[in-house]
Protein chains: 2
Amino acid sequence: MAAEQRRPDLAAMIVPLGRALMAAELPILRAHGLTMWAYAVLLRLDEDPVRSQAALAESIGADKTRIIDVLNDLEARGLLLRRPDPADRRVRLLSLTPEGRRTRDATQTAIQSRENHLLTRHLPAPQRAAFLTALHTLATLPPSELGSQEE
Amino acid sequence: MAAEQRRPDLAAMIVPLGRALMAAELPILRAHGLTMWAYAVLLRLDEDPVRSQAALAESIGADKTRIIDVLNDLEARGLLLRRPDPADRRVRLLSLTPEGRRTRDATQTAIQSRENHLLTRHLPAPQRAAFLTALHTLATLPPSELGSQEE
DNA sequence: TATTGTTATACTCTATAACTATA
DNA sequence: TATAGTTATAGAGTATAACAATA
């Protein structure tokens, strides 16, 4: 496992790139009336319904106290439904309305269209495919694989 | 430019991955007595000497007011030299001491060794190479390429 | 007057602790 | 008593404004 060729640290490339991508998304999100967290909520809820707010928060890497205003707003605007669970009335069952799903789709389409432009403009097709595959692999690793490691 | 295959948003993969990588670096940095910003300073100064603190801050994406304590600490520990520019005594000329360079090297070696383990463990060699190349390409794009874009 | 470095202040984001309602 | 959701509070991290030294 000798030295590979000289390169910047992974985090030193990835973190600023992430910041730049996020900054580039913001105007699109704003145009659709969404904050970053609101968009994260819509994305997550579209995958499958979530049983509780705490579970939703955890699954998008947020604090449960932080998404409450987000949920209030989305609910008030008719993008999200929040009903008490009849089985356990402490729990709120969350789901997207058709309008919420439309907003999600329109927003994601705009964002990914822009991303695809970026990728096709700067990466040759095979490299692009490898990049996306590798990125997906790394992004879905359990935190333990990245975090703790006995050297 | 039709739809590519379904995938998560780039930022949705990259940002959390960056956070995880950074979290994984923290214990290593701590072991070498560095904060993240201190490490960023050492990396930047090792490339080439910087003429002013403001320029340094800007070039690592920090605010000039935020790196002052970092510079104070590095200087007090003998990792960094800060001298008034004889030509313009408002300016502080910054450079690493040999000890600063040693700390930088030891820290980066530890960090990249860990990263290389991670990459070799999860990505086949050709994909790994493509990933690093693509990442480097995207990370070195001017902000305008990522930020503003006429659709 | 303009600029470098510095200090003091304010703001934003995030996490912790305290409360309520159900169980 | 324990938990889901909520509210109120406190803590990081960051940026803005004001200052002193030099040009």
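Throughout, a chain's letter reflects where its sequence line sits, starting with A, and its residues are numbered from 1.
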Taking side chain as C-beta onward, heavy atoms only, is Leu74(B) less than 4.5 Å from Leu34(B)?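 SC-SC contact between Leu74(B) and Leu34(B) confirmed.
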Taking only side-chain N and O atoms of Trp37(A), does any of them lie within less than 4.0 angstrom of OP1 or OP2 on dT14(C)?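 Yes.
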Measure the CG-CD distance between Leu132(A) and Gln127(B) for me, rounded to the nearest 0.5 Å.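 Leu132(A) atom CG to Gln127(B) atom CD measures 10.0 Å (nearest 0.5 Å).
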Just how far is it from atom CG of Asp73(B) to atom CH2 of Trp37(B), taken to the nearest 0.5 Å?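 That separation rounds to 16.0 Å.
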Rounding to a whole Å, what distance do you find between [X]:[atom1] and [N]:[atom2]?
{"X": "Leu71(B)", "N": "dT7(C)", "atom1": "CG", "atom2": "P", "answer": "12 Å"}
{"X": "Arg66(A)", "N": "dG13(D)", "atom1": "CZ", "atom2": "C1'", "answer": "13 Å"}
{"X": "Ile67(A)", "N": "dC13(C)", "atom1": "CD1", "atom2": "P", "answer": "17 Å"}
{"X": "Leu80(A)", "N": "dG5(D)", "atom1": "CG", "atom2": "P", "answer": "12 Å"}
{"X": "Leu26(B)", "N": "dG13(D)", "atom1": "CG", "atom2": "C1'", "answer": "14 Å"}
{"X": "Asp85(A)", "N": "dT22(C)", "atom1": "CG", "atom2": "P", "answer": "14 Å"}
{"X": "Asp63(B)", "N": "dA10(C)", "atom1": "CG", "atom2": "P", "answer": "17 Å"}

Closer than 3.5 angstrom, by distance alone: can the side chain of Arg77(A) be matched with the main-chain N or O of Gly33(A) as a donor-acceptor pair?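 Between the backbone of Gly33(A) and the side chain of Arg77(A) there is a qualifying donor-acceptor contact (under 3.5 Å).
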For Asn72(B) and for Thr65(A), find the nucleotide of DNA chain C with the closest heavy atom, then tell me which residue's nucleotide is more 5'.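 Whichever sits nearer the 5' end wins; that is Asn72(B).
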Met36(A) or Pro86(A), whichever maps to the more 5' nucleotide of DNA chain C: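 Upstream on the strand: Met36(A).
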On DNA chain D, check which nucleotide each of Arg19(A) and Leu94(A) is closest to and give me the residue with the more 5' one.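 Taking each residue's closest nucleotide, the earlier one in sequence belongs to Leu94(A).
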Ion pair check, Arg7(A) and Glu115(B), cut-off under 4.0 Å: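 The answer is yes: the pair qualifies as a salt bridge.
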For Arg44(A), is the CZ atom crowded, meaning more than 12 foreign heavy atoms sit under 6.0 Å from it?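 Yes, because the 6.0 Å sphere around CZ of Arg44(A) holds more than 12 heavy atoms from other groups.
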Are Met13(A) and Leu118(B) connected into the same hydrophobic cluster when the rule is that any two of I, L, V, M, F, W, Y join if their side-chain heavy atoms are below 4.5 Å apart?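 Yes, Leu118(B) connects to Met13(A) through the hydrophobic network.
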Protein and nucleotides 2-5 of chain C: nitrogen or oxygen contacts under 3.5 angstrom:
residue	atom	partner	partner atom	Å
dT3(C)	O4'	Arg90(B)	NH1	3.3
dT3(C)	O2	Arg90(B)	NH1	3.0
dT4(C)	O3'	Arg90(B)	O	3.4
dG5(C)	OP1	Gln53(B)	N	3.1
dG5(C)	OP1	Arg92(B)	N	3.0
dG5(C)	OP2	Gln53(B)	N	3.1
dG5(C)	OP2	Ala54(B)	N	3.2

